[in-house]
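Below: one structure, written as structure tokens.
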Amino acid sequence: MIRDLLLGLRLAVGGGRISGQALLRLVMTTIGVALVVAILLPAASIGGMVSERDAREAANTEVLEPRPGVDPLYSYSWFTELDAKYLGTTVVAASGPTSPVPPGIDRIPAPGELFVSPAVAELLAGPQGDSLRARVPGTVVGEIGKPGLIDASDLRLYLGSTVDRLSRTEDVSQVSGFGGPGEGFQLDAVTALLLAPIVVALLLPLLIFVTTASRMGAAQRERRLAALRLLGVDARQVRRIAAAESLLGAVAGLVVGGVLFAVLRPLIGNLDLFGTRFFPEDFVPSWQLVLAIALVVPGLAVGAAIFGLRRTIVEPLGVVRQSRPIRRRMWWRWTIAGLGALLMGLTLFAGERDNSDTIGIALSVGSALLLIGVAVLLPWAVEKVVRGLRGGTPALQFAVRRLQMDGGTASRVVSGLVVVLAGTIMIQTLMVSVGADQDDKFWHPAEAQAAQVWTEPAHADEVRQRLTGAPGLTGVHEVWQTNLRQPGESSRGTWVEIGDCAALRTRAELPSCEDGDVFAVGISADSPRPRSLPTGEQQFTRYVDGEPEPGPMWTVPAQIRQVPGDRSSPGAEGNLLVTTGALGSVRPPADSVTFSLAGPGDGNAVVDRASIALSPLAWDVSVRTVVQSEAASQHIDQRTGTFRAALMAASGFVLSVAALSLLMLSIEQIVERRRPLAALSASGVPLSVLARGSLWQNAIPVLIGVALAIAAGLGLTVPTLRYAGLPFQLDVGLIATMAGAAVLAVLITTALTWPLLRQVTRLDGLRAE
């Protein structure tokens, strides 16, 4: 057996003299396996990456239970917003020499000192550095190391303070240590829904490319095997030799793919996926998965070569093929497609956005099975179509007859292209619908508000004083928030916002307003989220550390004016807006106070001015930008546009691989049929007719596949959008572009085979030794 494998390896390289076809087959097999390995290795590293990330997250978990001999570390979490980015600042103060040090820093920062993550250091060094310094006062004394970060893109800061200052802050924690149990690797349904079709659309064409490359030069290899049979090699040895020939390219592909992964891995840290960057060193595949890849991928290449000999009998005097076409077994093909359609159809019985993991898994598995089902059903569809074709030009008749005799091989190659098209249509349409769903969902008042300041009632007077008359701040409006519920009720009841008419107009579009009015924002039986209005006597309640603190009673007015929920600012839907005159002598306790600010310049400039005016209060206030509809839409479009561009680049790459598989198939067929083609040319058939015949032979499966891909892509998209509650937005330009790319691939493939077709149709092709 070993001798047979060694002989196959020698024959694969020509024994010192390698033929052009053998070299091309070796190179193509190597490239195909390398690409598959280069994709599978990062995929196999996801589990390790998530585990490392989970371990760091667990190591940063605060332990609040007191520990003997440990002085508690006072800790308070404070979030700052900067241009749609949220920076998490942890304010810390050591109560003694044994206070625990947070992971990632070598000491507890002194009052006024800052430790920042590398991502925050980049912001400080960039054009937004001045805005960030205005919002987070302090002196940077060091960077947070990897143990103190979850992801490489973490916007995290540690700010030093004093125990006396923090002890007067609500919700402060006394930390006795860091570290807790991790959750391990968990794949949620939404991620699986996005990943399943992408993985199938990327990997399946590459696997088809590997199998196509493994079968290149089949005619030359079979003649060589027949010569070996004449020397006394039996049929089993022939298969082992053929397997060894493909094994060389597979092993070379493994090595090249591993090197490619090692070279590209440092670049992973530069990828920004929806604002998240990863640590490249965390992408380390487990040895079990590496072993599986090292066995399965070469096994696929070797198996394709052996499988190609299933209908071939290698005899000492030549090669005999079973010419009678074998009836296709359709049960397993329809089973895959039917199961995928069944899973997708079952989701139609689920409610929109019910966040069910079962439905998400059904969508992800169903979409993957349907993509695979489209690929395995394409050969059957091509056979059905060409079987009924009659007549036409000589070139069309040549192509149709060839496809009638053997259309399965071309269809298998084109199926990779079909999967790419269907998967791309699904994901891109989903992204377009997500962007369309966000349009016109943001409302902002007529007097545009640029910033908001949130604080607790205890600091409201000081905030009001510092904001009033501050340079560059106009239109300061104050709204108090509290809760209203039935006495003794356990639920939180209805959120209430209290202010004058000018302040309430910053929260919703009020048709008219007088002191004493009460408005319900999106609270009615006809609203998308039906709720009942509070009536009768209700009790104001505030919450301190999560516990209710009952306040005075208030009789809700009988006349409550309705305001549509879509004509309110984010967070106001479902609330009661109450003018101060409607309360009479009742003075409800407030949970929080919000100041809406306006001023010249953009939101960031107003936030900077407010942050400077309120800097003595530090984390006792939260200053944030009011997101306007245009800015929000631009931000969403930027995120989805980045994802769509990355997906289009990946789709274009895989489409190129599918086109290369089609090119290899065309070259292989021309080489195998060189004598019939030469005979046709000698009989007077023009070369242009043979070239158009080759074009039709590639175009017919591609056109059928494009139609099938569009139908499958839209069929996959509709249930997904319905479940997600998103509008159906069809990107006709995208479909036309992808279909045009497929047609262009056929034209380029035919043009590249023209010189070879011209060469084999010479009269020299009729000569035989």
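Numbers here simply count residues along the sequence, with the first being 1.
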R265 vs V284, side-chain contact (heavy atoms from CB on, under 4.5 Å): CA-CA, chis, key distance, verdict: CA-CA 9 Å; R265 191 177 69 164; V284 179; 3.5 Å; yes
[atom1]/[X] to [atom2]/[Y] distance, rounded to the nearest 0.5 angstrom?
| X | Y | atom1 | atom2 | answer |
| --- | --- | --- | --- | --- |
| L708 | I704 | CG | CD1 | 9.0 Å |
| F261 | L40 | CZ | CG | 11.0 Å |
| T749 | N698 | OG1 | CG | 6.5 Å |
| E122 | S153 | CD | OG | 10.0 Å |
| I31 | L260 | CD1 | CG | 11.0 Å |
| I670 | T753 | CD1 | OG1 | 4.5 Å |

Looking at every non-hydrogen atom in both residues, tell me the closest pair between [X] and [Y] and how far apart they are.
| X | Y | result |
| --- | --- | --- |
| E143 | A121 | OE2-CB, 3.5 Å |
| I150 | E57 | CD1-CA, 3.3 Å |
| L370 | G340 | CG-C, 3.8 Å |
| A399 | W696 | CB-CB, 3.5 Å |
| L149 | P118 | CD1-CD, 3.8 Å |
| V263 | P266 | O-CD, 3.2 Å |

Any non-hydrogen side-chain atom of [X] less than 4.5 Å from a side-chain atom of [Y]?
| X | Y | answer |
| --- | --- | --- |
| L403 | P701 | yes |
| L289 | L41 | no |
| R333 | P379 | yes |
| T750 | Q697 | no |

Candidate list R156, R53, K146, test salt bridge (charged side-chain N to carboxylate O under 4.0 Å, His left out), partner D151, passing option: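 Among R156, R53, K146, the one that satisfies the salt bridge (charged side-chain N to carboxylate O under 4.0 Å, His left out) with D151 is R53.
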W287, CH2 atom: more than 12 neighbouring heavy atoms under 6.0 Å: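 Atom CH2 in W287 is not packed in, count stays at 12 or less.
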Pair R56 + D282, salt bridge at N-O below 4.0 Å: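 Yes, charged N to carboxylate O under 4.0 Å.
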